[in-house]
Amino acid sequence: MNVSQKGTDINMKRKTDKITAIVPCYNEQEVLEYFYEEFHAVMEKMTDTEFELLFINDGSSDRTQEKIEELANRDSCIRYISFSRNFGKEAAIYAGLEHATGDYVAVMDADLQDPPSLLPEMYDAIINEGYDSVATRRVTRKGEPRIRSFFARRFYAIMDKISQTDMVDGARDYRLMNRKFVDALLRLKEYNRFSKGLYGWVGFRTKWLEYENVERAAGETKWSFWGLFRYSIEGIVAFSTAPLVLASLVGLIFCLIAFVFLVFIIVRRLVFGDPVDGWASIVSIILFLGGLQLLCIGILGQYLAKMYLEAKNRPVYLVGKTNIDQPEQTENKEQTETAKNRS
Ligand code: UDP
Ligand code: MG
């Protein structure tokens with residue numbers, strides 16, 4: 001009896017729920033049609049919920065924008081924000097979170113590597129099991145270049161050790177969150193956004209769903225090896241100060257070694273009166289230490305550069321075109337607020 005009562009409660013609750021799906025798109029013209037088909041199938045299955053499909057066109061240079069507008073004409077639940085240039089997936093996710101109007105918000109790739117068919121299960125976990133977000137992780141990396149998998153795994157292993165936030169190997173950006181979670185993410189205003197870390201940082205209760213890697217439905221990956229390498233440095237700098245500690249530690253160890261050497265050389269000179277020799281060893285020591293110093297300065301520079309970017313306080317993205325009515329509203333609101341504060 002209890003169960004059926006609970007069931008009706010849930011049904012009543014579901015009627016008012018709205019799910020926003022944020023889909024960052026960068027040159028995805030080939031895949032959008034398939035994506036929409038699959039998403040539409042899910043919408044038809046989840047009849048008790050309202051949907052908003054929010055495409056973020058991240059400065060695509062192909063016909064992605066036309067494709068999105070074509071879909072938007074077909075289906076009124078489709079909204080889009082088109083950036084003035086390519087700002088990166090992280091900026092696209094942020095823009096989506098800012099504009100999502102749903103009670104629950106999902107972030108998913110356009111290439112169907114994040115299967116929309118998982119949505120009902122994710123939604124169920126939030127509604128019935130009391131989680132604040134449901135995240136996904138792929139347990140295999142099938143179809144991915146070996147070397148990429150290898151470095152990706154190393155990255156997660158290192159990150160997990162050196163940062164305080166949880167980093168999960170194989171975690172995707174695909175997740176469904178409730179309002180509380182989304183609002184918490186929006187309070188993190190940083191310019192260098194590393195979503196996988198931000199998700200972990202805000203905490204709350206997260207359920208992990210596992211699935212086998214799915215290959216891209218069409219089109220090509222936007223990540224070069226070099227691009228991923230830079231992204232991983234960004235992740236480390238954004239979520240850990242361990243490299244700075246390491247640099248200081250190495251410096252300290254070398255000071256100690258140098259001190260022992262100094263004592264050794266002075267004693268040798270006084271006791272045995274050895275003439276100067278061994279310029280080769282001196283040159284290699286100087287070169288080694290010089291390199292080490294540059295490396296440490298480089299590490300420092302990474303943090304300084306990020307601080308510089310944060311200090312500039314530039315917007316994370318700029319909107320070129322959208323079918324949401326208030327693209328400048330936030331700016332206007334800020335202006336009126338500062339005017340109010342001044343007066
Ligand atoms: N993407 C984006 N801006 C970028 C690069 C990628 O919005 O600068 C989007 C892309 O359209 C896709 C998602 O991010 O929806 C994931 O990109 P991709 O499939 O190339 O990455 P992979 O799955 O290979 O890691
Ligand atoms: Mg992909």
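As the structure lists them, so they are numbered: ligands from 1, and atoms in each ligand from 1.
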J.: Looking only at heavy atoms, what is the nearest atom pair of P116 and Y174, with distance?
T.: CA-OH, 3.7 Å
J.: Using the rule that two of Ile, Leu, Val, Met, Phe, Trp, Tyr join whenever any of their side-chain heavy atoms come within less than 4.5 Å, decide whether I158 and Y231 are in one cluster.
T.: yes
J.: What residue and atom, counting heavy atoms only, is the protein's closest point to atom 12 (C) of ligand 1, and at what distance?
T.: E28 OE2, 3.3 Å
J.: Looking only at side-chain N and O atoms, does T64 offer a donor or acceptor that is under 3.5 Å from a partner on E28?
T.: no
J.: Taking only heavy atoms of D109 into account, list the atoms of ligand 1 that are under 4.0 Å away from them.
T.: 13 (C), 15 (O), 16 (C), 23 (O)
J.: Classify the ring geometry between F181 and Y199 as parallel (under 30°), tilted (30 to 60°) or perpendicular (over 60°).
T.: tilted
J.: Is K89 touching ligand 1 with its side chain, its backbone, both, or neither, if touching means heavy atoms under 4.0 Å apart?
T.: both
J.: Does NZ or CZ of R153 lie under 6.0 Å from the centre of the six-membered ring of Y156, at an angle within 45° of the ring axis?
T.: no
J.: Establish, from distance only, whether the side-chain atoms of R175 and S133 form a donor-acceptor pair under 3.5 Å.
T.: yes
J.: Which protein heavy atom lies closest to atom 4 (C) of ligand 1, and at what distance to 0.1 Å?
T.: D58 OD2, 3.4 Å
J.: Under 30°, 30 to 60°, or over 60°: which ring-plane class applies to F155 and F194, parallel, tilted or perpendicular?
T.: perpendicular
J.: What residue and heavy atom of the protein are closest to atom 25 (O) of ligand 1, and at what distance?
T.: R148 NH2, 3.3 Å
J.: Which protein N, O or S atoms lie under 2.8 Å from the Mg ion (ligand 2)?
T.: D111 OD2, Q113 OE1
J.: At a 4.0 Å threshold, what atoms of ligand 1 neighbour a non-hydrogen atom of G88?
T.: 3 (N), 8 (O)
J.: Would you call the rings of F288 and F254 parallel, tilted or perpendicular if under 30° counts as parallel and over 60° as perpendicular?
T.: tilted
J.: Taking atom types as modelled, find out whether T101 and K18 have a side-chain donor-acceptor pair closer than 3.5 angstrom.
T.: yes
J.: Under 3.5 Å, is there a donor-acceptor pair between the N178 and Y131 side chains?
T.: no
J.: Please work out which of the three classes, parallel, tilted or perpendicular, describes the rings of Y36 and H40, given edges at 30° and 60°.
T.: tilted
J.: So if I count the atoms of ligand 1 from 1 in the order they appear, which ones are less than 4.0 Å from some heavy atom of Q113?
T.: 19 (O), 22 (P), 23 (O)
J.: Nearest protein heavy atom to atom 21 (O) of ligand 1, by residue and atom, and its distance?
T.: W223 CD1, 3.0 Å
J.: List the closest protein heavy-atom neighbour of atom 1 (N) of ligand 1: residue, atom name, distance to the nearest 0.1 Å.
T.: Y26 CB, 3.8 Å
J.: What do you reckon, does A92 have a nitrogen or oxygen under 3.5 Å from a nitrogen or oxygen of ligand 1?
T.: no
J.: Give the residue and atom name of whichever protein heavy atom lies nearest to atom 9 (C) of ligand 1, and the separation in Å to one decimal.
T.: P24 O, 3.7 Å
J.: Considering only heavy atoms of D111, which atoms of ligand 1 have at least one such atom less than 4.0 Å away?
T.: 19 (O), 23 (O)
J.: Out of curiosity, N323 CG to I68 CD1, how far, rounded to the nearest 0.5 Å?
T.: 9.5 Å
J.: Counting non-hydrogen protein atoms only, what is the nearest one to atom 20 (O) of ligand 1? Give residue, atom name and distance.
T.: K222 N, 2.6 Å
J.: In terms of residue, atom name and distance, what is the protein heavy atom nearest to atom 18 (P) of ligand 1?
T.: R216 NH2, 3.5 Å
J.: Name the orientation class of the two ring planes belonging to F264 and F261 (parallel below 30°, tilted from 30 to 60°, perpendicular beyond 60°).
T.: tilted
J.: Classify the contact between N86 and ligand 1 as side chain, backbone, both or neither, using a heavy-atom distance cut-off of under 4.0 Å.
T.: side chain
